[in-house]
Amino acid sequence: MKLEKNKYKFGGADLVSLAEQFGTPLYVYDENTFVSQYKRLTNAFKGVNLKIKYACKALSNQAILKVFKKIGSGLDAVSIQEVQLGLKAGYAPEEILFTPNGVSFEEIKMGVDAGVVINIDNISILEHFGHEYGSKVPCCIRLNPHIMAGGHHHIQTGHIDSKFGISVHQLRHVERIIKTYNIQVTGLHVHTGSEILDSGVFLRAAELMFEAAQQFKDLLFIDFGSGFKVAYKENDVTTDIEELGAELSKRFKQFCKEYGRDLELWFEPGKFLVSEGGILLVKVNTVKQTMATVFAGVDSGQNHLIRPMFYDSYHHIVNISNPEGKPRIYTVVGYICETDTFGWDRKLSEVREGDVLAIMNAGAYGFTMSNNYNSRLRPAEVLIRDAKAELIRRRENLDDLLLTQVDIKI
Ligand SMILES: *Cc1c(COP(=O)(O)O)cnc(C)c1O
C-alpha cells in the first residue's frame with residue numbers, strides 16, 4: 001500500500017474508492033504482490049529443480065488458485081475438499097500434494113482415486129495404504145524431525161508432542177512396513193511450523209531429512225514444507241529467503257550427487273505467498289471514549305479476521321480516510337459480542353465515524369478462517385489486476401445464512 005497524492009493505493013487502485021464501490025468489510029487482494037512473492041522464492045532457488053506447491057488453506061478462492069496455476073505453481077491441499085477445489089481451478093492431479101492430518105482411510109482413498117500425490121503422516125495409515133495398494137500407488141511420507149520453530153505455540157508443528165508427521169525416531173518401523181508391502185515412497189516431507197526465524201533452523205531440519213532420505217531408494221522429491229516468516233510489523237525478523245536459497249540449494253545439489261539422482265526440491269508456502277497481498281478494509285461505526293482508551297469500533301470482528309485474537313498476531317492498521325489527520329492513540333475493536341480486539345493502543349491519524357481503516361497483511365488465513373458467528377455475514381473479496389478490481393466473491397446475505405438450514409414444523 002502506497003500513499004500517492006493523499007490517496008492510499010494498492011496494486012494501483014485507490015482503496016477508499018474500492019470501499020465505496022464494493023462496501024465494507026472488504027477483502028482486497030493484489031495479484032502483482034502474489035506474483036512478486038512467488039518470483040522472489042523461485043529466484044532464490046535457481047539451479048535446483050524447484051517446485052512450489054501453494055498451501056491453499058491460506059486463501060482458497062478459485063481466482064487466487066488460478067493466479068498461482070497460471071504462474072506455474074502446484075498446490076498443497078490439506079483436505080479432500082481442497083483437492084476438489086484445486087482440480088476445479090484447473091490443476092492437474094499430479095500437481096496437487098494431498099497432506100491431510102488425522103483423516104480416515106476413506107478420505108485418503110478419495111485422494112488416490114483423484115490421482116493426487118498422497119502424503120502420509122501416520123504409521124497406521126501407511127500400513128493400511130500398503131495393504132490396499134502395495135507397490136501400485138506411490139506416496140510421500142511426512143516426517144517429524146522434532147525441530148522447534150519459534151513463534152506462537154499454536155503454529156508450531158514440529159515439536160515432540162506434535163500430532164503432525166511420523167517421528168524420525170520411528171524410521172525403522174516405517175522401513176519394515178515399506179518392505180512388507182513393497183510401498184514406493186517417492187517423496188519425503190517435513191513442515192516444522194509457521195515461524196522459522198533463521199535459515200539455520202531450516203538447514204538443521206534439512207540435514208535430518210537428507211539422513212533419513214538415504215533409507216528410501218525411490219525418491220523423486222523432498223518437500224521442505226513452509227515456515228517462511230513474513231513481516232507483520234516494521235523491523236520484524238523475517239526469513240532471509242535469498243540466503244536460505246543460496247545455502248540450501250548448494251547443500252541440496254551436493255545431496256543429490258550423494259543420492260545418485262537429481263531430485264526435485266519442493267516448498268509449500270501459504271503465508272509467504274499471500275499474506276502481504278491482502279488487506280481487509282473495515283469501516284468505523286463508533287468512536288468511544290472510555291476512562292482507559294479511545295475505542296474505534298469497526299464493522300468487522302473475529303468472525304472475519306481471527307488471527308489477532310487466536311494467535312495474538314500483530315496486524316498493522318492505517319486510517320486510509322484521513323491521511324493528513326493528527327496522530328492519536330486508539331484501540332481498534334470489532335462488533336462481535338466477544339473481546340475481539342484488532343489492535344491495542346495504535347497510533348492512527350484521527351479517526352472519525354465513517355472512516356475506512358486498512359488492516360494489513362490479511363491475505364493469509366483471513367477469509368479462509370472467517371465464519372458467521374453472531375449471524376454476521378462474511379465479507380466480499382476483490383482481486384486487483386492491472387490496477388482494476390474485480391469481484392471474486394460476493395458479499396453474503398441473509399439467504400446464505402439460511403441456505404443449509406432445514407425448516408421443520410415446531
Ligand atoms: C499450513 C501448511 C503450510 C503453509 O504454512 P504457511 O505458514 O502458511 O506457509 C504448508 N504445509 C502444510 C502441510 C501446512 O499444513
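Quick caveat, the model's predicted, so the values are computed rather than measured. Order of listing sets the numbers, starting from 1, for every ligand and every atom in it.
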With atoms numbered from 1 as shown, which atoms in ligand 1 lie under 4.0 angstrom from a non-hydrogen atom of [X]?
X      : answer
Tyr365 : 1 (C), 4 (C), 5 (O), 6 (P), 8 (O)
Ala55  : 3 (C), 4 (C), 10 (C)
Asp76  : 11 (N), 12 (C), 13 (C)
Thr99  : 13 (C)

Given Glu268 and Trp266, is the side chain to side chain donor-acceptor pair (under 3.5 Å) satisfied, shown in steps? CA-CA 7 Å; Glu268 44 186 42; Trp266 290 16; over 6 Å; no
Classify the contact between His191 and ligand 1 as side chain, backbone, both or neither, using a heavy-atom distance cut-off of under 4.0 Å. side chain
Taking the side chain from Asn303 and the backbone from Gly301, do they hold a donor-acceptor pair closer than 3.5 Å? yes
N/O to N/O below 3.5 Å, does that happen between Lys57 and ligand 1?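 Yes - when backbone and side-chain N and O of Lys57 are compared with those of ligand 1, one distance drops under 3.5 Å.
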Consider every N or O of Lys271 and every N or O of ligand 1, then say whether any pair is closer than 3.5 Å. yes
Check this for me: Lys217, atom NZ, are more than 12 non-hydrogen atoms of other residues, nucleotides or ligands nearer than 6.0 Å? yes
Cation-pi, Tyr27 ring and Arg393 (6.0 angstrom, 45 degrees):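 Judged by the rule (NZ or CZ under 6.0 Å from the ring centre, within 45° of its axis), Arg393 is not positioned above Tyr27.
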According to salt bridge (charged side-chain N to carboxylate O under 4.0 Å, His left out), who are the partners of Glu95, at least two apart in sequence or on a separate chain?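 Glu95 satisfies salt bridge (charged side-chain N to carboxylate O under 4.0 Å, His left out) with Lys69 once adjacent residues are dropped.
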Pro269 heavy atom under 4.0 Å from ligand 1: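 Per 4.0 Å heavy-atom rule, Pro269 contacts ligand 1.
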Before giving the answer on ring pair (Phe, Tyr, Trp, His ring centres under 6.0 Å), spell out for Phe228 and Phe267 the whole-Å C-alpha distance, their side-chain angles and the decisive distance to 0.1 Å. CA-CA 10 Å; Phe228 303 113; Phe267 276 118; 5.1 Å; yes
